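Numbering of ligands and ligand atoms starts at 1, following listing order. Owing to the predicted nature of the structure, the values given are computational and were not obtained by experimental measurement. Positions are given from 1 along the sequence.
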Amino acid sequence: MDPLTVLDVDVRGKRVFVRVDFNVPLYAGSISDDTRIRAALPTIRYLVEQGARVILASHLGRPKGEPDPALSLSPVRDRLAELLGRDVAFCLESIGEEAVMAVAALADGDVLLLENVRFHRGEEKNDPTLAAQWARMTDVYVNDAFGAAHRAHATTEGLARLVPVAVAGLLMERELSVMGAALEDPHRPFVAIIGGAKVSDKIKVIEHLLAKVDRLLIGGGMANTFLLAQGHDLGKSLVEPDQLEIARALLALARQAHKEVLLPVDVVLASRFAADATVRVAPITGIGAEEMALDIGPASQALYAAAIADARTVIWNGPMGVFEMPAFAAGTAAVAQAVADVAGTTIIGGGDSVAAIEQAGLADRMTHISTGGGASLEFLEGRALPGVEALTKKGEA
Ligand code: ADP
Ligand code: MG
């Protein structure tokens, strides 16, 4: 199952094609958050030190299969050069004559960034002729784009199958090993915390984790549907009536398997979905017909913190409330603090959850913050990731 990593192969003097995830947020043409670029640095630095000829490829945003100057990777090149403290060549084309010449011009230890691979329609279609063009400029393929590993695209999947050796980068390796170890052989108690807006987004994650964990803590909007399934009145809260049967089934499954499932016992209620709404705290039996639950209450915070305190492994995906608004951020912050205090492995997945942890200033107190939102969800669902499946397995080279 384990893919070979970049540490297992000889890269000196080789043309090493590295699929990275440089899909950074851009604001008015400049990079507003370079976390994803920083996350790829260890692999790039390692390859440079080893004297590889490094070819970097990534997508950025959603161009419609054709060049879009607003989604050029050119600003990423500048930031990358700054972070690496060395020159990074940039090619305005990712295939064709220009790209072939740019690759041919590389000396050992040089770094080249190709333009946005999604400027070609075939990338997202996993077109084999497109992948073959990249294969011709590749001696060793490295996938370090965990955030794109759940997609079977030409640079994430097709290309990997056309080259003699395809390995995981250091970031990819860490994502897979930390999350893999937690799921396969966790230190116990193993606690999962699942939140976010909707149950429907995460049913498979809950199902898969229920089989593995000792305790499951549910918060956020999705808790409402479970509470409704238990017969509580949720007023105007976000609920998914079409998920009630599934919520009931999941609770029954947990009972049979003797897993502890915790739901909120109190909530922060608002009269409307707004930062300046009038708020009050009430037990879940006291929700008014016109009110909506937008965060877990203080009693729930204490209950959840106690359920987290003795954990040796924690996986957290999804905020406990509408953390974007300060009035409904306390539940998520309290859980973040409890997770930060855990003496064990703590793993955070999900775009909004990661944002919430950063907002709370606790990112560096977690064992692992996944760089892949969608990919980490699919991994937690127990699904095989196409970008990982396509890599050369240990013992297979
Ligand atoms: P992640 O990105 O970490 O996987 P999700 O995208 O599933 O998380 O959910 C995050 C969103 O859920 C946030 O925008 C948050 O405001 C929203 N949310 C959380 N609790 C509630 C609630 N009680 N009612 C409505 N929305 C909620
Ligand atoms: Mg999200």
Side-chain angles (χ1 to χ4, degrees), residues 23 25 33 35-36 146-147 150 179 192-206 208-209 216-228 232-241 243 247 263-275 277 279-282 284 287-288 290-298 300-301 304 314-336 339 346-360 362-363 366 368-381:
N23 185 29
D33 179 355
T35 307
R36 287 188 165 150
F146 178 74
H150 58 314
M179 289 199 281
I193 310 162
I194 305 291
K198 292 181 178 170
V199 191
S200 48
D201 292 339
K202 296 178 185 174
I203 293 162
K204 297 224 180 64
V205 177
I206 295 175
H208 188 65
L209 288 178
L216 175 65
L217 280 47
I218 300 176
M222 74 160 66
N224 298 339
T225 299
F226 285 95
L227 292 168
L228 190 63
H232 293 289
D233 200 336
L234 272 296
K236 289 251 182 319
S237 307
L238 170 74
V239 289
E240 291 172 279
Q243 302 296 322
L263 286 166
V265 292
D266 62 346
V267 284
V268 179
L269 293 166
S271 50
R272 38 193 193 95
F273 191 90
V279 303
R280 73 179 186 104
V281 171
I284 46 138
I287 301 175
E290 298 301 315
E291 294 179 302
M292 52 182 79
L294 296 183
D295 194 10
I296 61 172
S300 309
Q301 289 174 25
Y304 285 18
V314 176
I315 289 183
W316 182 7
N317 180 290
M320 297 291 101
V322 184
F323 73 99
E324 298 94 332
M325 302 180 193
F328 316 109
T332 301
V335 167
V339 175
T346 51
I347 298 168
I348 317 297
D352 292 293
S353 318
V354 172
I357 302 279
E358 273 161 6
Q359 182 178 303
L362 295 169
M366 307 300 173
H368 184 66
I369 294 201
S370 179
T371 53
S376 68
L377 265 189
E378 292 198 17
F379 192 87
L380 296 181
E381 287 175 1

### Query
About how many Å separate NE2 of H208 and CD of E378, when rounded to the nearest 0.5 Å?
12.5 Å
### Query
Any idea which residues sit under 4.0 Å from ligand 1, heavy-atom distances?
G196, A197, K202, G220, G221, L238, A293, L294, N317, G318, P319, G321, V322, E324, G350, G351, D352, S353
### Summary
Only one of L227, I296, L263 passes side-chain contact (heavy atoms from CB on, under 4.5 Å) with I218, and that residue is L263
#### Entry: Test log, rule side chain to side chain donor-acceptor pair (under 3.5 Å), inputs S353 and N317
CA-CA 6 Å; S353 318; N317 180 290; 4.8 Å; no
### Query
Between N224 (side chain) and V239 (backbone), is there a donor-acceptor pair under 3.5 Å?
no
### Query
Relative to the Mg ion (ligand 2), which of the N, O or S atoms in D352 is the closest?
OD2
### Message
Using the rule given for salt bridge (Lys or Arg N to Asp or Glu O under 4.0 Å), can you reason through E381 versus K202, listing the C-alpha separation, both sets of side-chain angles and the distance that settles it, and then say yes or no?
### Response
CA-CA 8 Å; E381 287 175 1; K202 296 178 185 174; over 6 Å; no
### Main-chain N/O of F323 paired to T332 side chain as donor or acceptor, under 3.5 Å
no
